[in-house]
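Quick notes on the structure that follows.
Chain letters run A, B, ... following the sequence lines, proteins first, then strands; residues in each count from 1. Reckoned from all heavy atoms, side chains included, excluding hydrogens, waters and symmetry mates.
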Protein chains: 4
Amino acid sequence: MRPNKREIILKAAEKLFRERRIHELTMEDVAQAAGVGKGTIYNHFENKDDLLFQIATHGFEELCALVAATPKKDKFHARLAALCEQISEFFQQRRAVMRMIHEHEGRLGHLKETMKERWLENRRKLAGAVASILSQGVAEGAVRRDLPCDFLATLLLGMLGARDHDFSHAPGKRPPVEMLVGVFLEGAGVIGGMNGARVSGGENNFGETS
Amino acid sequence: MRPNKREIILKAAEKLFRERRIHELTMEDVAQAAGVGKGTIYNHFENKDDLLFQIATHGFEELCALVAATPKKDKFHARLAALCEQISEFFQQRRAVMRMIHEHEGRLGHLKETMKERWLENRRKLAGAVASILSQGVAEGAVRRDLPCDFLATLLLGMLGARDHDFSHAPGKRPPVEMLVGVFLEGAGVIGGMNGARVSGGENNFGETS
Amino acid sequence: MRPNKREIILKAAEKLFRERRIHELTMEDVAQAAGVGKGTIYNHFENKDDLLFQIATHGFEELCALVAATPKKDKFHARLAALCEQISEFFQQRRAVMRMIHEHEGRLGHLKETMKERWLENRRKLAGAVASILSQGVAEGAVRRDLPCDFLATLLLGMLGARDHDFSHAPGKRPPVEMLVGVFLEGAGVIGGMNGARVSGGENNFGETS
Amino acid sequence: MRPNKREIILKAAEKLFRERRIHELTMEDVAQAAGVGKGTIYNHFENKDDLLFQIATHGFEELCALVAATPKKDKFHARLAALCEQISEFFQQRRAVMRMIHEHEGRLGHLKETMKERWLENRRKLAGAVASILSQGVAEGAVRRDLPCDFLATLLLGMLGARDHDFSHAPGKRPPVEMLVGVFLEGAGVIGGMNGARVSGGENNFGETS
DNA sequence: TATGAATGAGGCTTCATTCAT
DNA sequence: AATGAATGAAGCCTCATTCAT
C-alpha cells in the first residue's frame with residue numbers, strides 16, 4: 001500500500017478517462033475503479049473539482065517531463081519531428097483528459113485563487129517546454145529569431161492538436177508528423193520560385209489506407 | 001412574434017453562453033433567458049442534447065457563411081489575414097459555444113445516427129470553406145500545391161484556435177493575425193540565409209505590457 | 001359531424017384503452033385518436049377526470065343494456081349461462097377500461113358530489129340488472145329465496161371477474177362458463193351423499209390445450 | 001435501526017396506501033413517511049416501479065402466510081369461514097394496495113422478465129394456498145371432487161373480493177362471511193325441493209345496522 | 001366552436017458530499 | 001484512516017390545462 005493511495009486514485013481516474021468512459025465521471029466510478037471507498041477520496045482531495053484539477057495537472061506534468069526528456073537528436077528538423085510525435089501520441093492517449101481540461105477551464109472562476117494560479121502556470125509549462133526546444137533551433141540557426149519562441153510553440157501545438165482532432169475518426173488517413181513539421185518550418189506559401197517543387201511528386205494525398 | 005420561437009430560444013441560449021454563464025446551462029436558465037416557459041423549449045427541441053446540438057450546428061453555419069462571404073481582396077496574403085481575423089473574432093465571441101462543442105463531441109455516441117452524420121458534415125464544412133480560400137491561393141501561385149488544401153486548412157485553424165485560447169486572458173498581448181499568417185505562409189524555419197532579416201528589428205515581443 | 005363530437009371522443013378514448021395503450025392515457029393521445037384538437041376535448045369534458053368518468057359510465061351503460069337485453073331463454077340455467085357469457089366477453093374487451101375504473105374509484109373523493117352520486121348509482125345498475133335476472137330465477141323456483149338477489153348478483157359477478165382475470169394469460173385453459181354457473185347454482189360443497197357424482201367423469205381438468 | 005431500512009420504507013409505503021393517501025404515491029411522500037431522505041429509497045429500490053412491485057409482492061406474501069397458518073378447526077365449514085374472514089379483513093386493510101396491484105398488472109410488460117415471473121408466481125401462490133384448504137375439504141368429503149380445487153379457490157376469492165368491494169362504502173351492511181360461504185358450498189340454486197327452507201325466516205336482509 | 005402553442009407545477013432520478021461506525 | 005449508507009439540492013422532462021387566434 002506504499003504507492004500512496006492518492007496516487008492510486010489519480011491513476012484510476014485517469015485510466016477511466018482513457019477508457020473512454022467519459023460521459024460524466026462520477027465519484028462512485030472513480031472510487032470503484034480505484035478500489036477504495038467513496039469517502040476515502042475525500043481524505044485525499046478536497047472535492048471533485050480538486051480531483052479533476054489534480055488529474056489535469058498530473059497529465060500536464062507528465063507531458064512536460066516527456067518533452068523535457070526529448071533526446072538531443074542530431075538534426076533539428078528530426079528532433080522537432082520526434083518531439084511532435086511524442087506529444088501527439090500523448091494527446092491520443094489523453095483525448096478525454098484533454099477534453100476535460102478544456103471543459104474545465106471555463107470553471108476556473110470557481111477555483112480558489114491559489115489553484116487558479118497554479119493552473120495557469122501549468123498551462124504555460126507545456127508551451128514553455130516546447131518553446132525551449134525551439135530556442136535550441138534558434139541557436140542553431142534553424143528557426144527564425146524575429147518571433148518569440150513562446151508564440152511559435154503555441155502555433156505548433158495548435159497545429160498538432162488540430163491534426164489529431166480532425167483525423168481522430170480515421171487515424172489511418174492522418175498526415176504524418178513530418179508533413180506537419182514541414183509546413184511549420186517551411187510555411188504553406190511559395191517563396192521565390194522554387195517552392196512548388198518542395199515535394200517531388202507534386203500533389204500529395206498521403207496514401208489513403210482505410 | 002414572427003422570428004419563430006425556435007430562433008428566439010436558440011439565440012437566447014447562444015447569448016447565455018456568450019455571457020460567460022457557462023458552468024452548466026440549465027433548461028431553466030435557457031427558458032428564462034428566452035422569456036418562454038420551460039415546456040416551450042420541448043415543443044421545439046427534443047431534449048437538452050438536441051438543443052445543444054442545434055446551437056452548435058447553428059454556430060458552425062454562421063461561421064461558414066462568414067467565411068464564404070470573405071471579400072475577394074487584392075493580395076492573397078491580405079485576403080487570408082482578413083479571413084483569419086474574421087474567424088478569430090467569431091471564436092472570441094463564441095468561446096463558450098466552441099468549448100461546448102468540444103465537450104460535446106465526446107457524447108456523439110449518444111446522438112442518433114442522423115445527427116451524428118449531420119454533425120460531422122458540419123465539422124467538415126468549416127475546414128472546407130477555409131480550404132477553398134486556400135485553393136484560390138494555389139491557383140494564384142501563392143500557396144504550395146504539394147499538400148492538400150484540406151490539411152493546410154486544418155493546420156491554419158489549429159493555429160488560430162491556439163492563439164485565441166492561449167491569450168484569452170490577456171487579449172492585449174495577443175500577437176496580431178498578420179504575424180500568424182506570416183508564420184503559416186513563410187514558415188517558422190530559416191530558409192536559405194535571408195530569413196533572419198524577415199522582420200527588420202530582430203527579436204520581437206509585440207510590445208503590450210499588461 | 002352529426003354523431004356528436006362528444007361521442008367521437010368517447011369512442012376514440014375507449015378504443016385506445018381496448019388497444020392496450022394503457023400505461024397512462026394522455027389528453028394528447030386521446031385528441032390524436034379522435035382526430036380533434038386538444039382544446040376541443042375541453043369543450044365537451046370538464047377535465048381529464050370527467051373524461052375518464054364518462055368513459056367508465058359509458059362502459060357500464062353499454063353493459064347494462066346488454067344485460068337487460070338478455071333473451072328470455074327457456075331454461076333458467078341456460079339463460080344464466082348465456083348472460084354470464086355476455087358479461088364475460090364484455091369484460092374481456094374492456095379489461096383496460098375496467099382496470100381504469102377500479103383504479104379510479106380511489107379518487108372518487110376528488111369528484112364533485114353530483115358525479116360521485118351518479119357514479120355509485122351506475123355501479124349499482126349492473127348488479128341490479130343481474131339481480132333482476134336472478135329474481136326471475138326466484139320466481140321460477142330455480143333460485144333460493146332466502147338471500148337477497150343483489151347479494152347473489154354481487155357474488156356471481158365476483159366469480160366471473162375472478163375467472164376472467166386468473167385466466168387472462170391463457171384463455172384456452174379458462175373453464176367454461178357452464179362450470180362456473182354450475183358452482184354458483186349447486187355450490188361447491190357436497191350435499192347429502194349424491195353430490196360426488198354431479199359430473200359423471202369424476203375429477204375434471206377442463207381439457208388442457210396449451 | 002436494525003429492522004433494515006428497506007423494511008422501514010416498505011412498511012411506510014404500505015401504510016401510506018392503507019391511510020387512503022392513494023391518489024398518486026410520490027417518492028417524496030414515501031420518503032417523508034419513512035422518515036428517510038428521498039435518495040435513500042434509491043439505495044434499496046431500483047426505481048418507483050420496483051418499489052411498487054416489492055410492495056405488492058410483500059403484501060401477497062403476508063397474505064399467503066396468513067392463509068397457510070389457518071388453524072385446523074374442527075368443522076370444515078367453520079374452518080373455511082374463518083379463513084375467509086381473515087382474507088377479507090386483510091383485503092379491507094389493503095384495499096389500496098390491491099388496487100395498486102390491479103392497476104399495475106397492466107404494466108407488467110415494462111418489468112424485466114425475472115420480475116414478471118416472480119410476480120405471476122406470487123399471484124398463483126394465494127390461489128394455491130386457498131386451494132390447499134379446499135383440498136382438505138375434498139379429503140373430508142365436504143367439497144365436490146369433480147372440479148379442480150384451483151378453480152374453486154379462484155371463484156371463492158372472487159366472491160370475497162366482490163363482497164368487500166361492493167360494500168366498502170357501508171361495511172355495516174355487508175353480509176356476513178358465513179352467508180357467503182353458505183352460497184359457495186351449497187349454491188344459489190334450489191336443489192330438490194328443500195332448499196327454499198335453508199334459512200328459516202324466508203327473505204333475509206341481514207339486519208341493517210348503520 | 002375548434003385549435004394547438006405555450007405554460008409551469010410537479011414528478012422522478014442523479015450524484016457530490018457528509019458522518020457514524 | 002477507511003468506509004459506504006444516507007442525504008437533499010438540483011436537474012430534466014411530462015402533461016393537464018389555458019387562451020389567443
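- For the pair C/Ile55 and C/Leu51, the minimum side-chain heavy-atom distance is below 4.5 Å.
- D/Leu25 places its CG atom 16 Å from the C1' atom of E/dT13, with the value rounded to the nearest Å.
- Looking at D/Glu7 and D/His58, their side chains do bring a donor and an acceptor atom within 3.5 Å of each other.
- Within 6.0 Å of CD on A/Glu62 lie more than 12 heavy atoms contributed by other residues, nucleotides or ligands.
- Computed from coordinates, the A/Asp49 CG to E/dA16 P distance equals 11 Å when rounded to whole Å.
- Residue B/Lys5 places at least one side-chain N or O under 4.0 Å from the OP1 or OP2 atom of E/dA6.
- Between the D/Lys5 side chain and the D/Val36 main chain, no donor and acceptor come within less than 3.5 Å of each other.
- Put simply, CG on D/Leu52 is 10 Å from P on E/dT13, counting in whole angstrom units.
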> Taking only Watson-Crick and G-U wobble pairs with both distances under 3.5 Å, what dot-bracket line describes DNA chain E, where [ ] shows pairs that cross earlier ones and | shows pairs with another strand?
Replying inline: .||||||||||||||||||||
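- Nucleotide E/dC12 holds its P atom 10 Å from the CG atom of D/Leu51, rounded to whole Å.
- In this structure, A/Glu61 places its CD atom where more than 12 heavy-atom neighbours from other residues, nucleotides or ligands lie under 6.0 Å away.
- Contact check of residues 34-45 of chain D against DNA chain E (heavy atom, cut-off under 4.0 Å) returns D/Lys38, D/Tyr42.
- In this structure, the side chain of B/Lys11 does not engage the main chain of B/Arg6 through any donor-acceptor pair within 3.5 Å.
- The CE-P distance, from C/Met27 to F/dT18, rounds to 10 Å in whole Å.
- The nearest whole Å value for the distance from the CG atom in D/Asp29 to the C1' atom in E/dC12 is 13 Å.
- A/Asp29 and A/Thr26 share a donor-acceptor pair across their side chains, judged by distance under 3.5 Å alone.
- No side-chain heavy atom of C/Gln32 sits less than 4.5 Å from a side-chain heavy atom of C/Lys38.
- Here F/dC12 presents its C1' atom at 16 Å from CG of D/Asn47, a figure rounded to the nearest Å.
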>> C/His165 vs C/Phe91, test: side-chain contact (heavy atoms from CB on, under 4.5 Å). Steps then yes/no.
In response: CA-CA 9 Å; C/His165 183 255; C/Phe91 276 152; over 6 Å; no
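- If you take CG of D/Asn4 and C1' of F/dA5, they are 12 Å apart, rounded to a whole angstrom.
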